[in-house]
Amino acid sequence: MITTASLDAGAKGKKLTAEQMHEELDLTLELLQDQHPNFGFYRSRVRVMNSFKKATREITKPLGRDEYFKRLMPLIAQISDAHTCLDIPEKIIKKYFTLNPKVLPMLMTIHPRYAVVSKNYKGLKAGEKITSIDGRSISQILIELSDFVCRDGDNKSSILNQLNAGFPWYYYIAYGESSKHELVVERSEGGLGILSFKAKRLSSILPAFTRRSTQSKNFMKTKWLKALQAYYIDLNSFMPTNKRFQKRVSKAFKDIAKKEPEHLILDLRGNEGGLTDNAAHLLSYLVKQSFYFPRFYHLPKEQLKAPTKIRNVTPSPKGKESHIDVANAFISLVSGWMGNSKAIPGGNVLINNDTARQQNPFEGTIHVLIDGGTASAASMLAAHLRTHGEATFYGGVAGGIPGRNCSAPSHAYILPHSQFELHVAWLCHLEKITKKFSTFKPDVLFVDKKADSFKKDRLLDLVKKKIEVLYYPPIPKPKPRSIKFFEYHYTN
């Protein structure tokens with residue numbers, strides 16, 4: 001959520017006192033502990049509380065908001081919920097932070113142990129591997145930058161996806177501004193090389209790190225692949241209103257019914273989720289039975305309190321002053337449904353009895369594309385489709401934890417001194433009541449490590465090739481090349 005802030009080691013403006021920061025640390029811990037169902041789920045309650053105590057002890061003198069942000073953000077990220085994060089309002093950025101810092105100047109894609117140069121740049125060749133930056137190994141950098149990424153669980157796929165959306169900016173958050181950067185590179189001609197590059201202003205490279213639009217205007221694209229008898233749906237958000245989403249999906253499946261394709265390709269890469277009602281509506285066209293989506297709601301036992309000012313992220317419903325009123329009305333309602341709820345550590349669980357019913361479900365073969373950007377409602381949909389339907393999943397590990405996803409809060413708490421905004425999710429969706437969690441892995445794992453992966457869609461090409469092999473079977477030979485070998489050969 002901190003996508004607009006650019007921090008600077010020499011941040012301007014008045015510093016915060018140690019006492020002010022101590023007060024905000026106590027307030028942040030109180031809100032997380034009292035309101036978030038995930039508190040103590042991924043990390044023990046004692047461990048989280050001790051980390052706040054340690055941070056309080058270590059802050060003994062005034063700090064600028066940039067340095068304070070670096071102390072506070074990792075404490076919130078350890079809750080391990082993509083919807084619980086820290087945001088810096090635009091007016092605070094303009095007043096206290098540098099808006100256009102100097103950052104790493106080249107395009108690269110980060111992997112667990114190295115980075116791949118994406119485009120030729122002043123002596124760097126596309127495809128060469130960077131093993132360290134400014135004396136720090138890529139593995140070390142990933143560990144340290146993950147403190148600034150809000151994600152579900154310790155999902156490395158999600159972390160990589162978010163860092164690759166703006167790596168120079170995240171690198172700057174962690175290590176500050178520098179006029180030049182030194183890289184150790186595995187050269188294409190063999191051996192290691194040490195290269196030094198001048199930093200560039202963020203505004204000069206920012207357009208290169210744009211992500212697929214999640215705005216409702218462009219949330220869905222379709223294409224009829226007649227030669228393959230396949231229908232392609234590129235769905236990058238569940239955020240549009242129910243009416244707009246359902247109208248667009250219904251139109252697509254009417255077209256599908258008319259064309260009668262053998263295959264449906266559903267592209268959920270980069271889909272960070274949205275409204276679960278929309279995900280349930282799409283599922284009703286993909287599975288052949290009624291289902292609950294989600295099965296359980298996990299929420300606090302007690303009413304939400306606002307120990308500091310709040311801001312409504314979205315307009316509050318009629319008759320309600322804020323979304324806290326809406327949340328408390330739901331919590332009160334659940335507490336009255338004792339026969340339909342049960343108490344568990346961290347709050348109450350409500351059994352969801354709202355079923356989604358099928359609407360002339362697709363009868364052909366379903367292929368689903370996922371990656372580290374497939375999160376929240378999108379990863380939940382993938383999990384339900386695997387459980388209740390039949391589909392083959394391709395790509396990377398999904399960015400969400402499909403068995404346990406929390407809803408983005410509709411209000412934010414304004415910390416009284418820094419004016420940072422704290423978003424605390426209070427409602428989580430559960431598939432099972434369990435302390436265990438797991439990531440969603442594809443059936444066909446595909447990670448494109450080519451230099452031009454940011455502009456060539458080899459995963460979609462692979463799926464098309466596989467459909468082509470299935471739809472037009474090759475003439476039998478004494479030793480036919482198997483699909484498994486084909487996939488291996490193609491990905492390399």
Side-chain angles (χ1 to χ4, degrees), residues 1-2 5 7-89 92-93 95-97 140 143-151 153-154 170 172-176 300 302 304-311 345-347 406 409 411-426:
M1 296 180 72
I2 47 174
L7 310 185
D8 180 25
K12 54 189 177 180
K14 185 179 179 181
K15 293 184 176 181
L16 298 168
T17 67
E19 291 75 18
Q20 288 175 328
M21 289 180 281
H22 292 170
E23 181 185 340
E24 290 195 355
L25 286 170
D26 290 342
L27 176 61
T28 300
L29 178 59
E30 176 189 340
L31 288 166
L32 294 173
Q33 189 173 7
D34 292 347
Q35 299 186 11
H36 204 301
N38 269 11
F39 192 86
F41 184 79
Y42 292 105
R43 287 173 175 77
S44 73
R45 301 172 70 88
V46 172
R47 181 179 172 185
V48 174
M49 289 188 286
N50 284 342
S51 67
F52 272 85
K53 291 178 181 178
K54 180 182 178 183
T56 300
R57 290 195 304 269
E58 292 177 346
I59 296 177
T60 58
K61 60 182 181 180
L63 297 175
R65 281 167 174 76
D66 61 322
E67 188 60 36
Y68 175 50
F69 174 85
K70 294 178 184 179
R71 307 286 184 98
L72 181 57
M73 183 62 194
L75 299 174
I76 298 167
Q78 69 180 324
I79 299 300
S80 300
D81 169 35
H83 296 116
T84 297
C85 211
L86 194 63
D87 197 13
I88 307 177
I92 301 301
I93 295 172
K95 187 173 181 180
Y96 295 105
F97 296 95
Q140 175 192 348
I143 292 172
E144 294 173 350
L145 265 59
S146 66
D147 285 342
F148 301 97
V149 176
C150 299
R151 73 279 183 178
D154 287 323
Y170 278 103
Y172 174 63
I173 291 177
Y175 306 120
E302 305 296 333
L304 304 187
K305 298 178 182 178
T308 184
K309 292 181 179 179
I310 66 168
R311 179 181 70 83
C406 300
H411 64 275
Y413 297 99
I414 302 173
L415 300 185
H417 305 297
S418 64
Q419 299 297 297
F420 295 163
E421 293 186 354
L422 175 64
H423 299 251
V424 182
W426 58 272

Side chain to side chain, Asp154 and Tyr42, heavy atoms closer than 4.5 Å: no
Heavy-atom closest contact (Val149 atom, Leu145 atom, distance): CG2-O, 3.8 Å
Note, Lys309 side chain near Arg311 side chain (heavy atom, < 4.5 Å): no
Phe69 and Phe420 aromatic ring geometry - parallel, tilted or perpendicular at 30°/60° bounds: perpendicular
Value rounded to 0.5 Å, distance of NZ in Lys54 from CZ in Arg71: 10.5 Å
Interatomic distance, Ile173 atom CD1 to Asp66 atom CG [nearest 0.5 angstrom]: 11.0 Å
Side-chain touch Met73/Asp147, heavy atoms, less than 4.5 angstrom: no
Pair Tyr68-Gln20, side chain to side chain donor-acceptor pair (under 3.5 Å): steps then yes or no: CA-CA 11 Å; Tyr68 175 50; Gln20 288 175 328; over 6 Å; no
Arg43 (side chain) donor-acceptor with Gln78 (main chain) under 3.5 angstrom: yes
Expected output: side-chain Ser51 to main-chain Leu75 donor-acceptor under 3.5 Å: no
Side chain to side chain, Cys150 and His423, heavy atoms closer than 4.5 Å: no
Validation row: Lys305, Glu30 side chains within 4.5 angstrom (heavy atoms): no
Side-chain touch Ile92/Arg65, heavy atoms, less than 4.5 angstrom: yes
